[in-house]
2 protein chains.
Amino acid sequence: MARPRLGDLQLAILEVLWERAEATVADVHESLLVDRGLATTTIATMLRKMEERHLVAQRRDGRVLIYRARVERDAVHRSLVGDLVARLFDGDPKALVHHLIDEGDLDAAAIDELRRRVQKRRKEASDVR
Amino acid sequence: MARPRLGDLQLAILEVLWERAEATVADVHESLLVDRGLATTTIATMLRKMEERHLVAQRRDGRVLIYRARVERDAVHRSLVGDLVARLFDGDPKALVHHLIDEGDLDAAAIDELRRRVQKRRKEASDVR
DNA sequence: TTTTTTCGACTACCACGGTAGTTTTCGCCG
DNA sequence: CGGCGAAAACTACCGTGGTAGTCGAAAAAA
């Protein structure tokens with residue numbers, strides 16, 4: 001029993017739900033229509049499968065099903081990023097950033113911004129405490 | 001036809017091949033035996049499938065097949081990381097690092113080290129030029 | 001009330017990662 | 001030369017993401 005590993009469509013659907021909080025099959029279909037030319041039934045099927053896996057919750061309003069995300073964005077991001085870090089970088093997040101730098105995806109300005117962000121985060125964390 | 005998206009076992013196999021340059025089925029099997037208790041045939045099947053997808057190359061030495069990686073580590077890392085960044089962070093690598101910081105996976109010391117690394121990389125790049 | 005539209009439910013496929021058993025091949029040793 | 005043993009080849013199966021058609025029920029329209 002390996003992990004479910006959400007695919008592209010599932011992620012796209014969740015993205016829609018994260019933005020709208022609630023949506024019907026038609027809503028999701030319409031939102032994704034531009035990027036992917038999928039049939040409505042495809043979205044419906046996917047939503048049903050995702051409901052089975054408890055990724056989304058479904059509520060009935062009359063004869064229409066209304067879906068909402070049951071996992072939150074941060075949790076999904078954390079899980080997927082953590083997964084990648086575990087798979088490729090032996091669980092060391094720094095190694096991932098090293099990779100990004102070596103590939104030229106981050107420049108000095110970006111790092112400086114990150115530095116500020118760390119400072120800010122530290123402050124917020126102590127404020128909460 | 002979506003992308004193949006290498007799985008855990010495939011990655012583990014590639015890891016072995018990246019370290020040894022060349023390996024037989026038995027070699028790979030032995031290397032992975034500790035972590036995963038897989039049958040030799042499983043490794044063999046996976047290697048054959050990977051050969052079909054041109055992830056590895058196969059060379060015959062008498063009766064034995066010798067495999068070597070046909071994709072390089074950096075390329076795979078780049079591809080998988082790029083994929084994740086595209087999927088989750090709208091193609092912006094900085095957003096990924098922001099996430100890491102917000103999750104507390106990177107502290108100030110780590111950032112300072114990254115800064116040094118950027119400096120070094122910039123130097124190396126100009127040296128090559 | 002009858003017809004048409006709209007939804008969801010069910011079913012069916014395909015590709016592919018992962019896992020392994022069965023069969024065939026082939027070189028080597030006695 | 002013949003049989004043994006190891007390696008490769010073939011086959012099979014499951015779960016799941018992705019894609020969509022069909023069908024039936026129910027609501028809306030005529």
Side-chain angles (χ1 to χ4, degrees), chain A residues 1-16 22-33 35-68 71 76 79-80 83-84 87-88, chain B residues 1-16 22-33 35-68 71 76 79-80 83-84 87-88:
Chain A
M1 174 191 21
R3 77 189 134 312
R5 266 230 271 246
L6 32 173
D8 272 0
L9 179 55
Q10 302 188 346
L11 210 64
I13 288 176
L14 283 178
E15 215 78 57
V16 173
E22 286 196 333
T24 66
V25 174
D27 290 338
V28 176
H29 178 241
E30 198 190 350
S31 292
L32 297 180
L33 198 56
D35 312 277
R36 326 160 160 244
L38 292 179
T40 316
T41 54
T42 302
I43 305 293
T45 305
M46 202 63 237
L47 276 168
R48 229 187 38 255
K49 285 183 178 180
M50 289 170 79
E51 202 274 334
E52 280 167 20
R53 298 204 195 319
H54 302 118
L55 290 173
V56 301
Q58 105 194 136
R59 176 168 63 84
R60 237 212 159 85
D61 182 28
R63 56 196 243 88
V64 183
L65 289 183
I66 297 176
Y67 290 92
R68 68 176 171 80
V71 290
V76 168
S79 162
L80 290 181
D83 211 51
L84 189 84
R87 277 158 59 83
L88 297 190
Chain B
M1 175 188 23
R3 78 196 138 311
R5 265 230 271 250
L6 33 170
D8 275 359
L9 178 56
Q10 302 188 348
L11 210 63
I13 288 176
L14 283 177
E15 215 79 56
V16 173
E22 285 197 335
T24 65
V25 172
D27 290 338
V28 176
H29 178 240
E30 197 190 350
S31 291
L32 298 181
L33 198 56
D35 311 278
R36 326 160 159 245
L38 292 180
T40 317
T41 54
T42 301
I43 306 293
T45 304
M46 201 64 236
L47 276 167
R48 229 186 40 255
K49 285 183 176 179
M50 289 170 78
E51 202 274 333
E52 280 166 19
R53 300 206 187 353
H54 303 117
L55 290 173
V56 302
Q58 180 178 70
R59 176 169 63 85
R60 191 150 220 133
D61 182 28
R63 67 239 142 260
V64 182
L65 290 182
I66 297 175
Y67 289 93
R68 68 176 172 78
V71 290
V76 168
S79 162
L80 290 181
D83 212 51
L84 190 83
R87 278 158 58 84
L88 296 191

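So you know, we letter chains A, B, ... as the sequences are listed, proteins then strands, and number each from 1.
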Enquirer: Once you build an axis from the first five pairs and another from the last five of the helix from C:dT1-D:dA30 to C:dG30-D:dC1, how far apart in angle are they, to 10 degrees?
Expert: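 Its terminal axes enclose an angle near 30°.
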Enquirer: Without decimals, in angstroms, what is the distance between B:Lys49 NZ and D:dA8 P?
Expert: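 Distance, rounded to whole Å: 17 Å.
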Enquirer: Could you check whether any side-chain N or O of B:Asp27 sits under 3.5 Å from a backbone N or O of B:Thr24, counting only pairs where one atom can act as donor and the other as acceptor?
Expert: yes
Enquirer: When you check every protein heavy atom under 4.0 Å of nucleotides 21-29 of chain D, what one-letter string (B, S, -) results, 5' to 3'?
Expert: BB---SS--
Enquirer: State which residues pass side-chain hydrogen bond (donor to acceptor under 3.5 Å, both in side chains) with A:Glu30; sequence neighbours excluded, sorted by chain then number.
Expert: none
Enquirer: Find the distance between NZ (A:Lys49) and CG (A:Leu55) and round it off to the nearest 0.5 Å.
Expert: 12.5 Å
Enquirer: Grab the two heavy atoms, one from A:Leu6 and one from B:Arg87, that are nearest each other, plus how far apart they are.
Expert: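 So the two residues come closest at O-NH2, 2.8 Å.
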Enquirer: Using atom CZ of B:Arg60 as one end and atom C1' of D:dA6 as the other, report the distance to the nearest whole Å.
Expert: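 In whole Å, D:dA6 C1' lies 13 Å from B:Arg60 CZ.
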Enquirer: Quick check for you: to the nearest 0.5 Å, what is the distance between A:Ile13 atom CD1 and A:Leu47 atom CG?
Expert: 4.5 Å
Enquirer: Picking from A:Ile43, A:Leu14, A:Leu38, A:Thr40, what satisfies side-chain contact (heavy atoms from CB on, under 4.5 Å) with A:Val28?
Expert: A:Ile43
Enquirer: From A:Asp8 CG over to A:Asp35 CG, what is the distance, rounded to the nearest 0.5 angstrom?
Expert: 11.5 Å
Enquirer: Round to a whole Å and report the spacing from CE of B:Met50 to P of D:dA8.
Expert: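 From B:Met50 CE to D:dA8 P: 15 Å.
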Enquirer: Considering every strand and a 4.0 Å limit on heavy-atom distances, what is the contact class for B:Leu6: base, sugar-phosphate, or nothing?
Expert: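 No contact at all - B:Leu6 keeps every heavy atom at 4.0 Å or more from the nucleic acid.
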Enquirer: Go through C:dT19, D:dA9, C:dG18 for me and flag the one nearest to the B:Leu38 side chain.
Expert: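 For the B:Leu38 side chain, the nearest candidate turns out to be C:dT19.
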Enquirer: What nucleotide, of C:dA9, D:dT19, C:dG18, holds the atom closest to the side chain of A:Leu9?
Expert: D:dT19
Enquirer: Whole-Å distance between C:dG8 C1' and A:Asp61 CG?
Expert: 14 Å
Enquirer: Tell me whether the OP1 or OP2 atom of C:dT11 has a side-chain N or O from A:Arg48 closer than 4.0 Å.
Expert: no
Enquirer: Which heavy atom in B:Gln58 sits nearest to a heavy atom in B:Glu51, and how many Å separate them?
Expert: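 Closest heavy-atom pair between B:Gln58 and B:Glu51: CB-CG, 3.7 Å.
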Enquirer: side-chain contact (heavy atoms from CB on, under 4.5 Å) with B:Gln10: which of B:Met50, B:Arg5, B:Glu15?
Expert: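 Output: one option passes, namely B:Met50.
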Enquirer: Ignoring the backbone of A:Val25, work out which of D:dT19, C:dG8, C:dT19 is nearest its side chain.
Expert: C:dG8
Enquirer: Could you tell me how far apart B:Asp8 (CG) and D:dG15 (P) are, to the nearest whole angstrom?
Expert: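 So the CG-P distance, B:Asp8 to D:dG15, works out to 19 Å.
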Enquirer: Please state how far atom CD1 in A:Ile66 lies from atom P in C:dT6, giving the value in whole angstrom units.
Expert: 18 Å
Enquirer: Atom CD of A:Gln58 and atom C1' of C:dA9: how far apart are they, to the nearest Å?
Expert: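 Checked: the CD to C1' distance equals 11 Å.
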Enquirer: Starting at CE of B:Met46 and ending at P of D:dA7, how long is that distance when rounded to a whole Å?
Expert: 21 Å
Enquirer: Below 4.0 angstrom from OP1 or OP2 of D:dG17, is there any side-chain N or O of A:Arg53?
Expert: yes
